[in-house]
Number of protein chains: 2
Amino acid sequence: MDNYIEQLRNHNLKATPQRTAIAHSLDNHGHLSVEQLYELLKQSFSTLSLATIYKNINIMTKNSFVSEVKIPEQKSVYELTKAKHSHFVCRNCNEVHDIAFDLDEIIQNASKKTESTIESAHLVFSGVCHQCKS
Amino acid sequence: MDNYIEQLRNHNLKATPQRTAIAHSLDNHGHLSVEQLYELLKQSFSTLSLATIYKNINIMTKNSFVSEVKIPEQKSVYELTKAKHSHFVCRNCNEVHDIAFDLDEIIQNASKKTESTIESAHLVFSGVCHQCKS
DNA sequence: TTAAATGCAAAAAATTTGCAGACGT
DNA sequence: ACGTCTGCAAATTTTTTGCATTTAA
């Protein structure tokens, strides 16, 4: 992604320097926790407050500009909202990566097994990443 | 499940009344949050401490007697550890239900798309449950 | 009998809130 | 100019810890 200012405005978010920096960091790093975002952005904004990160992550999530990813045994990480996909987390380095995966097919399959109406699915894989194997 | 005392001991956990009650509640209700467990068990143990729930959930999770289930937009719930399965959460009533689903096939499929070694998968469906539709 | 569990209180960690001043539009 | 955002401090919520007493085995 690029042009964070326009993207933020499209999501009804004023484009403050802190917010464009959050967007930039998430775009660059892929997935970051609240604490990681804070540590990163403190370098650019010496007076940055943790409360600002929380307030922004909350409103950005509510406005679908970012998405929370809940990982087993770990703190949540956040990413820029993208097309539906799944995640992989390395149990060695804890890095989170995107994995393309057709969730629609899974949803259709699971729908056959329940009386409920399934609308979405969240899938997280765990294992050992390429780098950590070597 | 039944015979919680033996099950607890099999997981290197002393069978205290509080622990058998936790096991019993999880068995009955399926999925409970820390707070829900506390509110439930307080009725049987007037002096029960929240710290006891936390300590027990933590050690029970570490010893694989219970498993944490992370649900999008909600607090974690806990369940007795069972054979691998997936979950469904109703966005109306927030109830969590088990869904049988062959995760191995998904893992094999996803493995083709990554250099990483996938060892496990966590899948959570969201939608509207049977009761809430009517 | 002994190591471990409970309950309480206190501490620590995580998240939210209120408000004055600054800033985006 | 207006409404929103930021940063700070304080408040709240969530989770952990230490310790004296009790309890399971």
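Note on naming: letters A, B, ... go to the chains in the order of the sequence lines (proteins, then strands), and numbering restarts at 1 for each one. Hydrogens, waters and symmetry mates play no part in the numbers below; they use all other heavy atoms, side chains included.
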Salt bridge K82(B)-D98(B), side-chain N to carboxylate O under 4.0 Å: yes
Output yes when K42(B) and E39(B) qualify as a salt bridge under the 4.0 Å nitrogen-oxygen rule, no when they do not.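 A salt bridge links K42(B) with E39(B).
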Interatomic distance, [X] [atom1] vs [N] [atom2] [rounded to whole Å]:
| X | N | atom1 | atom2 | value |
| --- | --- | --- | --- | --- |
| I59(A) | dT17(C) | CD1 | P | 13 Å |
| K62(A) | dT16(C) | NZ | C1' | 12 Å |
| N56(B) | dA4(C) | CG | P | 15 Å |
| F45(B) | dT6(C) | CZ | P | 9 Å |
| Y54(A) | dG18(C) | OH | P | 18 Å |
| L50(B) | dT17(D) | CG | C1' | 14 Å |
| Y38(A) | dG7(D) | OH | C1' | 10 Å |
| I53(B) | dT14(D) | CD1 | P | 15 Å |

Would you classify T47(A) as touching base, sugar-phosphate or nothing, given that sugar-phosphate means primed atoms plus P, OP1 and OP2, and contacts are heavy atoms under 4.0 Å? sugar-phosphate
Base, sugar-phosphate, or nothing for E35(B), non-hydrogen atoms under 4.0 angstrom?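 Answer is nothing: E35(B) stays at 4.0 Å or more from every strand.
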Choose from dG7(C), dC8(D), dT14(D) the nucleotide whose nearest atom is closest to any side-chain atom of T52(B).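 Given the options dG7(C), dC8(D), dT14(D), the side chain of T52(B) is closest to dG7(C).
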For [N], does either OP1 or OP2 sit under 4.0 Å from a side-chain N or O belonging to [X]?
| X | N | answer |
| --- | --- | --- |
| N58(B) | dT16(D) | yes |
| N12(A) | dT4(D) | no |
| Q18(B) | dG7(C) | yes |

Verify the ring-centre separation between H85(B) and H87(B): is it less than 6.0 angstrom? yes
Ring centres under 6.0 angstrom apart (Y4(A), H24(A)):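 Yes - the distance between ring centres of Y4(A) and H24(A) falls below the 6.0 Å cut-off.
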For residues C129(B) and C93(B), report the shortest heavy-atom separation together with the two atoms involved.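 So the two residues come closest at SG-SG, 3.8 Å.
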State, without any angle test, whether T81(A) and S64(A) hold a side-chain donor-acceptor pair at a distance under 3.5 Å. no
Between the side chains of E119(A) and S126(B), does any donor sit under 3.5 Å from an acceptor?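 Short answer, no.
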Atom pair CD1/CG of I59(A) and N12(A) - distance to nearest 0.5 Å: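 So the gap between those two atoms works out to 8.5 Å.
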Check: protein-nucleotides 21-24 of chain C nitrogen or oxygen pairs below 3.5 Å:
none

Could you pull out the protein-nucleic contacts involving nucleotides 18-21 of chain D (nitrogen or oxygen on both sides, under 3.5 Å)?
| residue | atom | partner | partner atom | Å |
| --- | --- | --- | --- | --- |
| dG18(D) | O6 | K55(B) | NZ | 2.8 |

Please state whether the rings of F88(B) and H97(B) are parallel, tilted or perpendicular, taking 30° and 60° as the class boundaries.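 F88(B) vs H97(B) ring planes: parallel.
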